[in-house]
Amino acid sequence: MRESELDEDEIEQAVQLAESMTIDDISGFRDVYRDALEELIEAKSEGKEPAQPTEGEAPQPSQVLDLMAALNASVQRARESRGETGEHATVHEMKSRKRAAAKKTAKKAPAKKAAAKKTTAKKTSSRKPRSA
C-alpha cells in the first residue's frame with residue numbers, strides 16, 4: 001500500500017466538505033417501503049386481506065430501453081458524422097483455415113523432456129531399535 005502525505009489545509013477542506021454534505025434533520029424523509037411493509041404485516045397478523053393500492057397509488061411504469069435500438073441509432077449517428085454512405089464494407093477472401101493450421105502445427109517446437117524426479121533420503125528414527 002502506498003502512503004500519501006496530506007497537509008493540514010487538505011485535511012481541513014475534506015472535513016468541511018463532509019460537514020457540508022451532512023444533514024442533521026432527516027424528518028423530511030419518509031420510508032414508504034417500510035410503511036407499506038408494516039401495514040402488510042399488521043393486516044396479515046389480524047387475519048385480514050392486505051389492502052390493494054388504489055388507482056392514485058399505482059406505481060408509475062418505468063421506461064424500458066431497447067438497448068439494440070439505442071446501439072443501432074448510435075452507430076448510425078457515428079457513420080453519418082464520418083460521412084459514410086451506409087454501403088457495406090468490401091469483403092476480401094481469406095486463406096483456408098486448414099492450410100494455415102497445418103503450417104502452424106508443422107512449426108511447433110519439440111516438447112521438452114520431463115525433469116527427473118529427485119528422491120530424498122529416508123529419514124531415520126531417533127528411536128533405538130527394539131531387541132527381540
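What you see is a predicted model, and the numbers here were worked out from it, not measured in a lab.
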- [ ] Report yes or no: do I11 and L17 belong to one cluster of Ile/Leu/Val/Met/Phe/Trp/Tyr joined by side chain heavy-atom distances under 4.5 Å?
- [x]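 No, separate clusters.
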Nearest 0.5 Å please: distance from the [atom1] atom of [X] over to the [atom2] atom of [Y].
X   : Y   : atom1 : atom2 : value
I26 : D31 : CD1   : CG    : 10.0 Å
K44 : E49 : NZ    : CD    : 8.0 Å
Q13 : L6  : CD    : CG    : 10.5 Å

Open item on the list: List the residues meeting side-chain hydrogen bond (donor to acceptor under 3.5 Å, both in side chains) with D66, not counting sequence neighbours, and say none if there are none.
Closed with: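 side-chain hydrogen bond (donor to acceptor under 3.5 Å, both in side chains) list for D66, sorted by chain: empty.
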- [ ] May I have all residue pairs that pass salt bridge (charged side-chain N to carboxylate O under 4.0 Å, His left out) and include part of residues 3-19, sequence neighbours excluded?
- [x] none
Open item on the list: Are there over 12 heavy-atom neighbours, none belonging to Q16, within less than 6.0 Å of that residue's CD?
Closed with: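 Enclosed.
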Name every donor-acceptor pair, under 3.5 Å, that has one atom in a side chain of residues 32-40 and the other anywhere in the protein, sequence neighbours excluded.
unit_1 : atom_1 : unit_2 : atom_2 : d
R34    : NE     : E38    : OE2    : 3.1
D35    : OD2    : R30    : NE     : 3.0
D35    : OD2    : R30    : NH2    : 3.3

